[in-house]
Enquirer: 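Provided herewith is a single structure, encoded as C-alpha cells, for subsequent inquiry.
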Amino acid sequence: MSTNSYEPSKVEDRFYKLWEERGYFEIDGNKAIQKDDKKFAIMMPPPNVTGSLHIGHALTFTLQDIITRYKRMDGYKTLWQPGTDHAGIATQNVVEKQIMAEGKTKEELGREEFLKRAWKWKEFSGNTMVSQLRKLGVSPAWKRERFTMDAGLQKSVREAFVHLYNEGLIIRGNYMVNWCTHDGALSDIEVEYEEHQGNFYHMKYPFADGSGEIIVATTRPETYFGDTAVMVHPEDERYKHLIGKKVKLPLINREIPIIADSYVDMEFGTGMVKVTPAHDPNDYEVGKRHDLEFITVFDESGILNDFAGEFKGLERLAARSVIVKRLDEEGFMEKVEEHMHQVGHCYRCKNVVEPYISKQWFIRSEIAKKSIEKTNEGQAKFFPPHWINSYNSWMGELRDWCISRQLWWGHQIPVFYCSTCNHEWASMDEHPHECPKCASKEFAQDPDVLDTWFSSALWPFSTLGWGNGDSEMDRLFETDDLKEFYPNSLLITGFDILFFWVARMMMMGETFMGKLPFEHIYLHALVRDENGDKMSKSKGNVIDPLDTINDYSADILRFTLAVSAAQGRDIRMSGDKLEQTRNFTNKLYNASKYLQMNAETFPDLGGFCLDTELGKYMVSRLNVATKEVRAYLDEYRFNDAATVMYRFLWNEFCDWGIELSKADKGSIIELGAIFKEAMKLLHPFMPFITEYLYQELSGKELEETESIMITNFPTKTRRREEEEAKFEIIMDAIVSIRRAKVLVDMANQKIAKAYVKIDGASDEAKEMMKAYIEKLAKVEEIEFCNAKVADAVSDIGEKCEVFIPTASIDLAPIISRLEKQSEKLEKEISKLAGMLNNERFVANAPEDVLAKNREALADAQSKQEKVQEQLNSLQK
RNA sequence: GCUCGCAUAACUCAGUUGGUAGAGUGUUACCUCGACAAGGUAAAAGUCACUGGUUCGAGUCCAGUUGUGAGCACCA
C-alpha cells in the first residue's frame, strides 16, 4: 500500500466500471458458482425517470443491493431488474413549465409535438438517476434496464388493458371522481387530506312563498348554484313540517325542494343541509336516491359557468370571497363561523381537489379479491409482519380505481370510438386500420392516458417479457424469464407506497399470472434528519446522498444506512453516524496495513490447514459471525447483520486477533486469510473497500483477476469450543491484570511480575497462554499459581484470579473497589438463591435453566469468597 | 372514530420462541507502547413510561393508563 489512508474516490469508479463491463451484475454474472435450482429475483421499484437520487432512494437501493449481492455470492442465479418510471403527472408538469417559459401552451404545440418534447426531456434527464445510482455501487442487471413506456412495456400495458376490458373488469362511466382543476382525475389515494382552518357559512334560503327563511350551513358557499334540494332528517321535529316546501336560492332565485333523508346528522350544523349532487360525494348519492337534478357549476378548470349567474367566469376558489361578500350585502348571510376541517389536495400540485362528475375509466374492485385471499393464506409474507393489517384494511375497503388521466404523457388508453357506427373497442393494435364492426376509417382513440401506477402494477412480470411480443427477446429479457423469476423472491420498498404500488402489483400479478408476484415483501421506513424531522426541501434539512458519497464514500453511506435499518423503525441520519462508519473503514484499512507489514500476500481461507491456536480461535469467531450474518440477512434484519460485522471485525478481530498475534507472529498469515474471508461477509454492505482490501491482501489488481463479488459467500459456521474456552481465559487474565495495574497506577507501564491463578487448566494449556498474557498485559513474566499470593494486589476475573506483588502502595482505593464488587455480588447471590430456594421454580423451570442458575450461583459465591478473602487480607 | 407503531444508560438505538440488561456516541482516568489519536486501556452510568395480571421467573406475554408518531375514515 502506497498511501497513508484508504482513498475511496480512487477505487470506487474504477471497480464499478470493471464489474459492470464484466457482466457480473447480469443473471449469469456468477455462473461459475451458481448452484442448480437456486434462483433469486427482485425488482427495482422504478424511480421517476426525471427525478434525482435522494436519501430514500439511497436506503431502498442499498438494502436491495445487499440482498442481491448476498444471494449472488451464495450461488443463486440472480436477477435484480432495473428500470425507470415515466411518472405521468410529474413529468408532464415539468415539460409544461418548460413550454410555458417559452411563452407557449401545450395546446398551441399540439399533442404530437408535446410528446416529442417530453421524450426529449426524458432522454436528457433520464440518465441522471441511473448514473447516480451507479455511484451508490448497486448491482442490478443493467443490460435489462427498462422504462415503463418502452416499446415492449407499451405492448404489455395494452395487452393487460384489452384483457381486462374484454372481461368487463375495466369499465367507463360518469361518476364522481377526485378532480384536480390542474391535473384532472385522480384516484382516491392521490388525494391528500390536510387540516384546514376554514369557515362555516350560514346562508339564508327564503321560502318560495315568502313565508320566511331557513338557514343552511356550508364550507363551500360557491357550490350553492348547484344546489337542487335542501334536506332534513325525516325524524327531525324542528323541520318535519317543512318537508315538501320550496325555497329559493339567493340571488339566482331558482326554486328547490326541501326533502327528507336520514343521511342528515340532526346534531350537526343547523340540521339543514344543502344538496349539491354534482359537487359532493354524499350529495351525489342523495341526488341519485331522490332523482334530483345534477347541476355542474364550474368547468374542468374550475371556472364558474352560466349557473353561477353574475359570477360566471370567476375561478371557484377566488370566487368564494366575492360571492360571500355579495350574499352578505344582500342579507343572505346569517353568520360566518370558523371551522376546522379536512381539505383534499392534489398529491402532485397541492391544488384543492374537487369532487366532480366526469366520464372516466375504472378498474373494478373485484379484481383484488383473489390477491387478498392468497395473501392471507400466507402466500406472500410481509416484513415486518404487521403491514398485512394495513394491506388488508385498505384492500377490504377498496373502491373502483380510476385509471384515466387527462394527460398526454403516458400510455394512451387503447380504446377507439367509431363515429360511423358508434362502436367502441379496445385494441391491441396501436394503430388499427378500420372499425372492426363497420370497417369505417372514421374513428378516434380515447385521448386520455392511464394512471402511471397501471403500468408499474405490471412491473414484476411485464419486465420478464409478459405481453411484450418478441421484439426485444434475448436482449431485455429471455424466453424462460417468466418461468425462472416469477413469482419474484422479494420486494423491497418504502411503506409509503404500499397502497399505490404494492397492492396494485398484488392484484395485477394474481390476475394475469395466477400467482402473487412476491414471496417476501420488505417494507422499510423513512430516513429522517438527526433531529428526527422529515427531510424536505423547504426545511432545508435534506441530506443529498451524492454529497455524502463525495464527502465520505458510497461504502460509508451504505453501511450507515444498513446498520440503522431496524425493521419498522425510522432512520435518523446524522454526521455522527457517518463518522462512526468512517472510523470503521479506517480501522479495516489499518488492520489490513498491519497484516501486510508482516507478509506480502495471504491465501484464501479453505485452501490450507489452520495450525496456530490463535488462527483456530479467530476462525471459530468468524464462523459465529458467518452464522449470524446469514441468519439476519435471511430475515432482512440489516441492522443486526451489519452490527455483527462491526463487532466481529473491530471488537474481535482487531482488538483481540491482531493484538494477540503480536505474541505469535506465525498466526498472521492465518489471520490474513480470515480477514479476507470476513471481507466476503462484509462485501454486500461495503462492496468497494472489501474488494480493495481483498485484492490488496491477495497481492492482486482487480484488472487481472476475478472480483470478490463472485466468490462464494462464507458458509462455514462450526464453532471450536475448545479454542474459544482457552482464549476466553487468556482474555480474562489480560483484562484482570490490566485492571489490577490501573489500581496501582501502573496502567500503561510494563511490570516485572504477575501471578495468575486458573483452576482447571492443564499445564500445557497454561504454557500456551503465557506468551499472549505477557505481551498484552505487559508483564515481564507470568507465573501460574494455585493459591492466593501474599502481599499482592489482586483482581478477580470471570475465569481467573491475578496477583500483582506490591511492596508499598496505597490500598484505600483498592479496598473501596472490592467493597463495591462485593455488594454487587451479594445482590446477585440473593437473587439467584431466592430463585433456587423457591420450590416452584425448581419444580417448573427446565433443567438447563436450573443448571445454568446453579452454576451462576456457585460462581458468584466463589467470587464473593475470594473478594472477601482479599478484603480481609488487605484490611489487616 | 378505527387501525398500527413507539416509550430501555446523558444522547441515538439494539434486545428474534419469557431464563442474572447490550452497542455506538458522550463522560471520567490513564496512554503518542512500530496497524490505526478517525486510535488504545480501564471505569462510571439503567425502578427497561406507569398500573395491574399471567408465570417459579416479565424489558419480553395479557389488560389498562399516560405520552408520542403514522395510516385510514368522517365531517353539510
Side-chain angles (χ1 to χ4, degrees), chain A residues 4-5 189 193 200 216-220 223 230-231 263-265 268-276 280 282-283 286 339-342 384 386-387 389-390 392-394 397 495-496 498-499 525-526 530 532 563-564 566-572 574 576-577 579-598 631-632 635 637 639-640 643 646-647 650-651 654-655 658-659 662 734-735 738-739 741-743 745-750 776 778 817 820 827-829 831-832 834-836 838-846 848-850 852-853 856-857 860:
Chain A
N4 281 325
S5 65
I189 43 175
Y193 290 90
F200 217 15
V216 296
T218 179
T219 55
R220 296 190 301 157
T223 63
V230 167
M231 62 178 167
Y263 168 76
V264 178
D265 176 356
F268 191 79
T270 61
M272 285 218 168
V273 185
K274 65 194 266 305
V275 183
T276 324
D280 181 280
N282 293 310
D283 294 0
V286 174
H339 180 62
M340 197 62 121
H341 62 139
Q342 302 271 355
H386 68 255
W387 282 111
N389 295 324
S390 298
N392 275 331
S393 69
W394 190 77
E397 289 167 21
F495 71 90
D496 49 323
L498 175 60
F499 306 144
L526 216 65
E530 55 192 318
V563 81
S564 314
Q567 277 185 19
R569 194 129 187 170
D570 285 345
I571 293 172
R572 285 203 199 186
S574 67
D576 282 355
K577 283 185 178 160
E579 269 166 39
Q580 190 186 323
T581 309
R582 183 195 55 186
N583 297 351
F584 179 48
T585 59
N586 187 243
K587 192 76 180 174
L588 297 178
Y589 177 80
N590 281 298
S592 157
K593 214 163 79 178
Y594 168 82
L595 293 167
Q596 287 197 301
M597 277 169 42
N598 293 279
Y632 286 139
E635 293 177 71
R637 298 175 70 96
N639 59 321
D640 288 318
T643 304
Y646 188 96
R647 183 204 72 209
W650 196 317
N651 304 126
C654 290
D655 289 353
I658 285 187
E659 292 305 322
K662 290 173 183 171
I734 291 165
V735 171
R738 283 170 176 169
R739 254 200 313 257
K741 283 167 72 179
V742 168
L743 267 178
D745 251 1
M746 308 272 277
N748 298 290
Q749 294 163 53
K750 194 155 194 174
L776 270 67
K778 287 197 202 160
R817 177 183 62 80
K820 263 191 170 174
K827 265 194 193 168
E828 201 177 310
I829 288 167
K831 184 173 182 180
L832 287 164
M835 287 168 86
L836 288 164
N838 183 333
E839 281 172 30
R840 290 202 289 172
F841 173 73
V842 177
N844 292 310
D848 59 323
V849 172
L850 275 175
K852 216 176 143 191
N853 278 17
L857 179 60

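Keep in mind that what you see is a predicted model, and the values were worked out from it rather than measured. Sequence lines set the chain letters: A, B, ... in the order given, protein chains first and strands last, and positions in each chain run from 1. Basis for what follows: all heavy atoms, side chains included, without hydrogens, waters or symmetry-related copies.
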Enquirer: Take atom CZ of A:Phe495 and atom P of B:U3, then tell me their distance rounded to the nearest Å.
Expert: 20 Å
Enquirer: Taking the side chain as everything from C-beta on, heavy atoms only, tell me whether A:Arg739 gets closer than 4.5 Å to A:Val735.
Expert: yes
Enquirer: Mind checking the P distance from B:G69 to B:C13? Whole angstroms is fine.
Expert: 14 Å
Enquirer: How long is the gap from CG on A:Leu776 to CG on A:Asp655, to the nearest 0.5 Å?
Expert: 10.5 Å
Enquirer: Starting at atom CD of A:Gln567, determine the distance to atom C1' of B:G15, rounded to an integer number of angstrom.
Expert: 14 Å
Enquirer: Say we look at B:G34 and B:C6: how far apart would their P atoms be, to the nearest angstrom?
Expert: 50 Å
Enquirer: Which pairs, protein N/O on one side and nucleotides 43-48 of chain B N/O on the other, fall under 3.5 Å?
Expert:
from, atom 1, to, atom 2, distance (Å)
B:A43, OP1, A:Arg739, NH1, 3.1

Enquirer: Rounded to the nearest angstrom, tell me the gap between atom CZ in A:Arg647 and atom P in B:G15.
Expert: 15 Å
Enquirer: Let me know the distance between NZ of A:Lys750 and P of B:C33, rounded to the nearest Å.
Expert: 14 Å
Enquirer: Please state the C1' separation for the pair B:A49 and B:A58 - nearest whole angstrom.
Expert: 16 Å
Enquirer: At under 4.0 Å between heavy atoms, what does A:Asp655 touch on the DNA or RNA strands: base, sugar-phosphate, or nothing?
Expert: sugar-phosphate
Enquirer: Rounding to an integer number of Å, can you tell me how far A:Lys593 NZ sits from B:C36 P?
Expert: 6 Å
Enquirer: Hey, does A:Phe499 reach any base, or is it just sugar-phosphate, or nothing, if we go heavy atoms under 4.0 Å?
Expert: sugar-phosphate
Enquirer: Any base atoms under 4.0 Å from A:Tyr193, or only sugar-phosphate, or nothing? Heavy atoms, all strands.
Expert: nothing
Enquirer: Roughly how far apart, to the nearest Å, are B:U47 and B:A10 at atom P?
Expert: 8 Å
Enquirer: Which residues pass the salt bridge (Lys or Arg N to Asp or Glu O under 4.0 Å) test with A:Arg637, sequence neighbours left out?
Expert: A:Asp640
Enquirer: Salt bridge (Lys or Arg N to Asp or Glu O under 4.0 Å) with A:Arg647: which residues, sequence neighbours excluded?
Expert: A:Glu628, A:Glu652
Enquirer: Looking at every non-hydrogen atom in both residues, tell me the closest pair between A:Lys274 and A:Arg220 and how far apart they are.
Expert: NZ-O, 4.2 Å
Enquirer: Which part of the nucleic acid, if any, lies within reach of A:Arg582 when heavy atoms closer than 4.0 Å are counted: base, sugar-phosphate only, or nothing?
Expert: base
Enquirer: Between B:U54 and B:U60, how far is it from one P atom to the other, in whole Å?
Expert: 15 Å
Enquirer: Could one point to a donor on the side chain of A:Glu659 or the base of B:A35 with an acceptor on the other under 3.5 Å away?
Expert: yes
Enquirer: Identify, with sequence neighbours excluded, every residue that meets salt bridge (Lys or Arg N to Asp or Glu O under 4.0 Å) alongside A:Arg572.
Expert: none
Enquirer: The side chain of A:Glu397 is closest to which nucleotide in this list: B:A73, B:A35, B:A38?
Expert: B:A73
Enquirer: What is the minimum heavy-atom distance between A:Leu526 and A:Phe495, and which atoms define it?
Expert: N-CE2, 4.1 Å
Enquirer: State, yes or no, whether a side-chain contact exists between A:Ile189 and A:Trp394 at a heavy-atom distance under 4.5 Å.
Expert: yes
Enquirer: Taking the nucleotide of RNA chain B with the nearest heavy atom to each, does A:Lys274 or A:Ile189 sit closer to the 5' end?
Expert: A:Ile189
Enquirer: Once pairs are restricted to Watson-Crick or G-U wobble with both distances under 3.5 Å, how does RNA chain B read as a dot-bracket string, [ ] for crossings and | for other-strand pairs?
Expert: (((((((..((((.....[..)))).(((((.......))))).....(((((..]....))))))))))))....
Enquirer: Which pair of non-hydrogen atoms, one from A:Val264 and one from A:Gly271, has the smallest distance, and what is that distance?
Expert: CG1-O, 3.5 Å
Enquirer: How close do A:Ile658 and A:Ala591 get, counting heavy atoms only, and between which atoms?
Expert: CD1-CB, 3.6 Å
Enquirer: What one-letter contact string describes nucleotides 4-10 of chain B from 5' to 3', where B marks a base within less than 4.0 Å of any protein heavy atom, S marks contact via sugar-phosphate atoms alone, and - marks no contact?
Expert: S-SS---
Enquirer: May I have the distance from A:Ile571 (atom CD1) to B:G69 (atom C1'), rounded to whole angstrom?
Expert: 16 Å
Enquirer: Quick one: ring pair (Phe, Tyr, Trp, His ring centres under 6.0 Å) partners of A:His341, sequence neighbours excluded?
Expert: A:His196, A:His339
Enquirer: Run the ring pair (Phe, Tyr, Trp, His ring centres under 6.0 Å) test against A:Tyr594 and tell me which residues pass, sequence neighbours left out.
Expert: none
Enquirer: Give one of base, sugar-phosphate or nothing for A:Ser393, where a contact means two heavy atoms less than 4.0 Å apart.
Expert: nothing
Enquirer: Distance between the C1' atoms of B:C72 and B:C48, in whole angstroms?
Expert: 32 Å
Enquirer: Please report, rounded to the nearest Å, how far the P atom of B:A37 is from the CG atom of A:Asn590.
Expert: 7 Å
Enquirer: When rounded to the nearest Å, what value does the distance between C1' atoms of B:G57 and B:G53 take?
Expert: 15 Å
Enquirer: Looking at A:Leu850 and A:Val842, what are the two nearest heavy atoms and their distance?
Expert: CD1-O, 3.5 Å
Enquirer: Which whole number of Å gives the distance between the C1' atom of B:U17 and that of B:A23?
Expert: 24 Å
Enquirer: Taking atom C1' of B:G15 as reference, at what distance in whole Å does atom CD of A:Glu635 sit?
Expert: 14 Å
Enquirer: Going by the rule side chain to side chain donor-acceptor pair (under 3.5 Å), which residues pair with A:Lys750 if we only count those two or more places apart in sequence or in a different chain?
Expert: none
Enquirer: With respect to the side chain of A:Asn748, which nucleotide from B:A38, B:G40, B:A35 is positioned closest?
Expert: B:G40
Enquirer: So, is A:Arg738 near the phosphate of B:G40, with a side-chain N or O under 4.0 Å from OP1 or OP2?
Expert: no
Enquirer: List in chain and number order the residues that pass ring pair (Phe, Tyr, Trp, His ring centres under 6.0 Å) with A:Phe268, two or more places apart in sequence or in another chain; answer none if no residue qualifies.
Expert: A:Phe200
Enquirer: So what does A:Ala591 touch, heavy atoms closer than 4.0 Å: a base, only the sugar-phosphate, or nothing?
Expert: base
Enquirer: Given that A:Phe268 and A:Lys662 both sit by RNA chain B, which one's nearest nucleotide is further toward the 5' end?
Expert: A:Lys662
Enquirer: Using a 4.0 Å heavy-atom cut-off, write out nucleotides 17-29 of chain B from 5' to 3' as B (base contacted by protein), S (sugar-phosphate only) or - (no contact).
Expert: --BB---S-----
Enquirer: Sequence neighbours left out, what passes side chain to side chain donor-acceptor pair (under 3.5 Å) with A:Glu579? Give chain and number order.
Expert: none
